[in-house]
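Comments concern the structure below.
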Amino acid sequence: MPEKLLKITVEGETAVEVPPGTTVGGALESVSGKLAGRSLAASVDGVLRDLSYALAGDASITPYDASTPQGLDVMRHSASHVMADAVLQLFPGAKLAIGPAIEDGFYYDIDAPRAFTLEDLPAIEQKMQEIIKADLPFVRREMPRSGARAEMENAGEIYKVQNIDAAEGDVISFYRHGGFEDVCRGPHVPSTGRIGPVKLLSVAGAYWRGDARNRQLQRIYGTCFPDKKQLKQHLLRLEEAKKRDHRILGRQLDLFSIQPDIGAGLVLWHPAGGTVRHEVEEFWLQEHLKRDYRRLYTPHIASERIYHKSGHLENYADMMYSPMDIDGEPYRVKPMNCPAHIMIYKSGIHSYRDLPLRYCELGTVYRYEPSGTLHGMLRVRGFTQDDSHIFCTREQIRSEVFGILDLIDVMMNTFGYRYSAFLATRPEKSLGTDEEWDYSTDALRNALEDRGLDYEVDEGGGVFYAPKIDIKLTDSLGRGWQGPTIQVDLNLPKRFDVTYRASDNTDTETVIIHRTVLGSMERFVGGLVEHYGGAFPLWLAPEQVRVAAITDDQAQYVRDACAVLRNAGIRAAADLRNEKLGFKVREWQMAKVPCLAVAGPREAAENLLNLRVRNEEKAPVAGPVQLDKLVQTVLNQVESRSLWPAEVDLRQA
RNA sequence: GCCAUCCUAGCUCAACCGGUAGAGCAGCUGAUUUGUAAUCAGCAGGUUGGGGGUUCGAGUCCCCCGGAUGGCUCCA
């Protein structure tokens, strides 16, 4: 008797009928051989499956090939299995831990008999090619949890046992290709031959489960793309990112340095970097003053008493520097600005009529960061936060957060960052009552919605004392950066007994909103260097206009022109060197100065400058210009803080 | 802090298996007075990150310390 056929909908449109037990691949085959041929995996009623998955009922399937994020992910995961296989063949006795696909590639953590070095990678890669070329099918095997666990335990696969314990469901799956088998949820590509070109990139130590108390494993990073061209493009992108590395540009453009004799993680801002920072700070201050923030300065050291009171000493002692003895009392270098701001608030009595009170400070703090985590300006031990604390009533949280979001929008747009918002809610370990958390989380949510800002909810992602809004930035290379954060503090107001006199004459707890827009000057400026690739917009450029003479005869003319520019507040420098123009142009280009104004005999005779700008197409003026016209143009761009002449269109979402 | 790799002139890099440190750029001096991405020549520049060891001999091999890089952990 004929079996009842299954109704299979493919990609939501084409429908086919197939007998029960037909594989996903088979069903696709009956739609189109081409479709089946390029698919790597498919979602069946929303669950990602192998093409070898046998269909048991009516289903809706969406196939994924290597051009889709899902397909690519599966392919990279399969590549990580192949890498593990290769490693086991070359290094018998290694134990496998875990090997997922990640953004842009994959890795595998391996407990190896010896540490891997970069020199080991070519051999592993070679072996991988062989396995891929052999086109071995991936075969799925399922076992009940207990059996799978016993099997791995017998095999001495201690990490796999733990993986099984952490896995969900009663059935544990294994994937085999050739002589290699691994506990794995899958899915995988049909066979190793379907894996695109692979490239192993780096080795690193990585703790099992990311916990420093656990054994350190060997991690190998690799990547894999659908075709050679895309792999090559990716490797080129990595090169490009390397060229924009703020540490390299920082040296080339003489922006900053970090020197062992000063100390690791302590930044020396050179004149050029200092200028960029100053411009950012000026802008920051202007925007804050416009919004009725009050500027504060607080000391760099303080008695330990304040940090006992704030709880920092109890919770963060290992990131604070050792105490110093001052008149027999222990003092500490400041790790955070909040206690000092609170003490300023508490120096007097506040009426509800005073609130909100918005304090801000570019406050320099010092924190001990483990040596291995230091990274150029992005991760340092001394940094200046753009810190602010808003003291307000509960009712004002919503409108204050709204205002902060506005400030963030203005500032991030000015720098040309796109951004997205995340609402981080109450974590498991936390202080405060449900009522407090609900109220403040709702206030944050409402403010986001008032602004019509899309956001994702980061469930349980808040700090133990506060729900928060995190803003993530996307730079010109499409990379993500931690951006502004807004937190409603449910802890410090209690610890410090921060109150205001309410209209009914009772002392009521003041709400403290912590927020930072830039993060730290070090990190932010470091990020800007990479964002702009060192080619700063005019308003930020350390040197804005370079005026070059063709021969000595124009020296005085050039000096005079520079003086005019400087008097107008423009950062101008003269290039009077005894060199050919081509040489000066080249150096000007490499220094990434926005404008070059050339003066030869012709210009000098007619009181002109021949202007060349870094991004010619977008230049408001170019060629011969009057000096006052040049001054006006530059000042307009500076005043509007335009991104000109940035090389990329940064503002478009 | 942990694992791996690395540290040679101001910068970027050379120096075979251990045989006594070299180039380009930058700098200085001179010539050249130059029209939109490198004019030519000369000179100077180093206790090879610091310290110790092995060796007849160490930039090279070993140990300790410092720093950097890629990660882990953490995070502004």
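To find a chain, count down the sequence lines: A is the first, B the second, and so on, and within it residues start at 1.
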If you look at every strand shown and take non-hydrogen atoms under 4.0 Å, does [X] touch a base, only sugar-phosphate, or nothing?
{"X": "A:Gln259", "value": "nothing"}
{"X": "A:Gly582", "value": "sugar-phosphate"}
{"X": "A:Tyr221", "value": "sugar-phosphate"}
{"X": "A:Phe583", "value": "sugar-phosphate"}
{"X": "A:Arg379", "value": "base"}
{"X": "A:Val365", "value": "nothing"}
{"X": "A:Leu217", "value": "nothing"}
{"X": "A:Asp386", "value": "nothing"}
{"X": "A:Arg219", "value": "sugar-phosphate"}
{"X": "A:Gln218", "value": "sugar-phosphate"}

Checklist entry - Tell me, which of residues 199-210 of chain A have any heavy atom that sits under 4.0 Å from an atom in RNA chain B? => result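 Result for residues 199-210 of chain A: A:Ser202, A:Val203, A:Ala204, A:Gly205, A:Ala206, A:Tyr207, A:Gly210, sorted by number.
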Checklist entry - Near RNA chain B, which residues from residues 107-122 of chain A have a heavy atom under 4.0 Å away? => result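 Output list: A:Ala115, A:Phe116, A:Thr117.
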Taking only the side-chain heavy atoms of [X] (C-beta and beyond), determine which of [options] contains the nearest atom.
{"X": "A:Arg586", "options": "B:A37, B:G35, B:C75", "result": "B:A37"}
{"X": "A:Asn610", "options": "B:U33, B:U36, B:G70", "result": "B:U36"}
{"X": "A:Asp552", "options": "B:G1, B:U36, B:U33", "result": "B:U33"}
{"X": "A:Pro601", "options": "B:U36, B:G35, B:A37", "result": "B:G35"}
{"X": "A:His375", "options": "B:A37, B:G70, B:A76", "result": "B:G70"}
{"X": "A:Val380", "options": "B:G71, B:A76, B:G1", "result": "B:A76"}
{"X": "A:Met590", "options": "B:U36, B:A68, B:A37", "result": "B:A37"}
{"X": "A:Thr373", "options": "B:A76, B:G35, B:C72", "result": "B:C72"}
{"X": "A:Tyr368", "options": "B:G1, B:C75, B:G70", "result": "B:G1"}

When rounded to the nearest Å, what value does the distance between [atom1] atoms of [N] and [M] take?
{"N": "B:U60", "M": "B:G22", "atom1": "C1'", "value": "16 Å"}
{"N": "B:G52", "M": "B:A15", "atom1": "P", "value": "28 Å"}
{"N": "B:C7", "M": "B:U48", "atom1": "P", "value": "14 Å"}
{"N": "B:U29", "M": "B:U8", "atom1": "C1'", "value": "27 Å"}

Next on the checklist: Would the distance check show the side chain of A:Glu361 and the main-chain N or O of A:Thr298 forming a donor-acceptor pair, the cut-off being under 3.5 Å?
Outcome noted: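 Looks like yes, one N/O pair under 3.5 Å.
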Checklist entry - A:Tyr108 side chain to A:His81 main-chain N or O, any donor-acceptor pair under 3.5 Å? => result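 The answer is no, because no donor-acceptor pair under 3.5 Å joins these two groups.
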Checklist entry - Quick one: the side chain of A:Glu369 and the base of B:A76, do they pair up donor-acceptor inside 3.5 Å? => result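 Checked by distance alone, the answer is yes.
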Checklist entry - Per the atom types in the model, does the base of B:C72 pair as donor or acceptor with the side chain of A:Gln216 at under 3.5 Å? => result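 Under the 3.5 Å cut-off, the side chain and the base do not form any donor-acceptor pair.
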Determine all donor-acceptor pairs shorter than 3.5 Å in which one atom belongs to a side chain in residues 111-124 of chain A; sequence neighbours excluded.
residue: A:Asp111; atom: OD1; partner: A:Arg215; partner atom: NE; Å: 3.0
residue: A:Asp111; atom: OD1; partner: A:Arg215; partner atom: NH2; Å: 3.0
residue: A:Asp111; atom: OD2; partner: A:Tyr159; partner atom: OH; Å: 2.6
residue: A:Asp111; atom: OD2; partner: A:Arg215; partner atom: NE; Å: 2.8
residue: A:Arg114; atom: NH1; partner: A:Asp120; partner atom: OD2; Å: 3.1
residue: A:Arg114; atom: NH2; partner: A:Asp120; partner atom: OD1; Å: 2.9
residue: A:Thr117; atom: OG1; partner: A:Glu119; partner atom: N; Å: 3.2
residue: A:Asp120; atom: OD2; partner: A:Thr117; partner atom: N; Å: 2.8

Next on the checklist: Just to verify, what does A:Arg586 make a side-chain contact (heavy atoms from CB on, under 4.5 Å) with, not counting sequence neighbours?
Outcome noted: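 Per chain and number, A:Arg586 pairs via side-chain contact (heavy atoms from CB on, under 4.5 Å) with A:Met590.
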Next on the checklist: Taking side-chain contact (heavy atoms from CB on, under 4.5 Å) as the definition, give me every residue that meets it alongside A:His234, ordered by chain and number, with sequence neighbours left out.
Outcome noted: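 Per chain and number, A:His234 pairs via side-chain contact (heavy atoms from CB on, under 4.5 Å) with A:Asp104, A:Thr223, A:Phe225, A:Arg237, A:Leu238.
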Say you draw a straight line from [atom1] of [X] to [atom2] of [Y]; how long is it, rounded to the nearest 0.5 Å?
{"X": "A:Thr516", "Y": "A:Ile408", "atom1": "OG1", "atom2": "CD1", "answer": "9.0 Å"}
{"X": "A:Ile471", "Y": "A:Met411", "atom1": "CD1", "atom2": "CE", "answer": "13.5 Å"}
{"X": "A:Leu630", "Y": "A:Asn610", "atom1": "CG", "atom2": "CG", "answer": "11.0 Å"}

Next on the checklist: For A:Thr485 and A:Arg247, find the nucleotide of RNA chain B closest to each by heavy atoms; which residue's nucleotide sits nearer the 5' end?
Outcome noted: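 Result of the comparison: A:Arg247.
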Next on the checklist: If you assign each of A:Ala212 and A:Gln589 to its closest nucleotide in RNA chain B, which residue comes earlier from the 5' end?
Outcome noted: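 Closer to the 5' end of RNA chain B: A:Ala212.
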Checklist entry - B:A76 phosphate, OP1 or OP2: any side-chain N/O from A:Arg367 under 4.0 angstrom? => result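 Answer is no, no contact under 4.0 Å.
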Next on the checklist: Quick one, A:Asp109 with A:Trp208, criterion side chain to side chain donor-acceptor pair (under 3.5 Å). Give me CA distance, side-chain angles, the key distance, then yes/no.
Outcome noted: CA-CA 8 Å; A:Asp109 281 350; A:Trp208 170 238; over 6 Å; no
Item to check | Base-contact (B) and sugar-phosphate-only (S) positions in nucleotides 46-51 of chain B, heavy-atom cut-off under 4.0 Å, - elsewhere | outcome: ------
If you restrict it to nitrogen or oxygen atoms, what contacts under 3.5 Å exist between nucleotides 7-14 of chain B and the protein, and what is each distance?
residue: B:U12; atom: OP1; partner: A:Arg251; partner atom: NH1; Å: 3.4

Output a table of nitrogen or oxygen pairs between the protein and nucleotides 43-45 of chain B separated by less than 3.5 Å.
none

Item to check | Salt bridge A:Asp406-A:Arg291, side-chain N to carboxylate O under 4.0 Å | outcome: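 Judged by the 4.0 Å cut-off on N to carboxylate O distance, A:Asp406 and A:Arg291 do form a salt bridge.
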Checklist entry - Under 4.0 Å between a Lys/Arg side-chain N and an Asp/Glu carboxylate O for A:Arg277 and A:Glu281? => result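 Result for this pair is yes, salt bridge flagged.
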Checklist entry - Under a 3.5 Å cutoff on both atom distances, Watson-Crick or G-U, what's the dot-bracket for RNA chain B ([ ] crossing, | other strand)? => result (((((((..((((.....[..)))).(((((.......))))).....(((((..]....))))))))))))....
Checklist entry - Parallel, tilted or perpendicular: which describes the rings of A:Phe415 and A:Tyr417, with under 30° parallel and over 60° perpendicular? => result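 Plane angle between 30° and 60°, so tilted.
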Next on the checklist: Students often mix this up, so state it plainly: with edges at 30° and 60°, are the rings of A:His312 and A:Tyr316 parallel, tilted or perpendicular?
Outcome noted: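 Rings of A:His312 and A:Tyr316: tilted, 30 to 60°.
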Kindly list each side-chain donor-acceptor pair under 3.5 angstrom involving residues 261-270 of chain A, sequence neighbours excluded, with atom names and distances?
residue: A:His270; atom: ND1; partner: A:Asp254; partner atom: OD1; Å: 2.7
residue: A:His270; atom: NE2; partner: A:Ser257; partner atom: N; Å: 3.4
residue: A:His270; atom: NE2; partner: A:Ser257; partner atom: OG; Å: 2.7

Checklist entry - Taking only residues two or more places apart in sequence or in another chain, which ones pass salt bridge (charged side-chain N to carboxylate O under 4.0 Å, His left out) with A:Arg76? => result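 Result, salt bridge (charged side-chain N to carboxylate O under 4.0 Å, His left out) vs A:Arg76: none returned.
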Checklist entry - Picking from A:Lys580, A:Arg577, A:Lys592, what satisfies salt bridge (charged side-chain N to carboxylate O under 4.0 Å, His left out) with A:Glu587? => result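 It is A:Arg577; the other options fail the test.
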Checklist entry - Which residues satisfy the ring pair (Phe, Tyr, Trp, His ring centres under 6.0 Å) test with A:Tyr221, sequence neighbours excluded? => result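 In terms of ring pair (Phe, Tyr, Trp, His ring centres under 6.0 Å), with neighbours along the sequence ignored, A:Tyr221 is linked to A:Tyr107.
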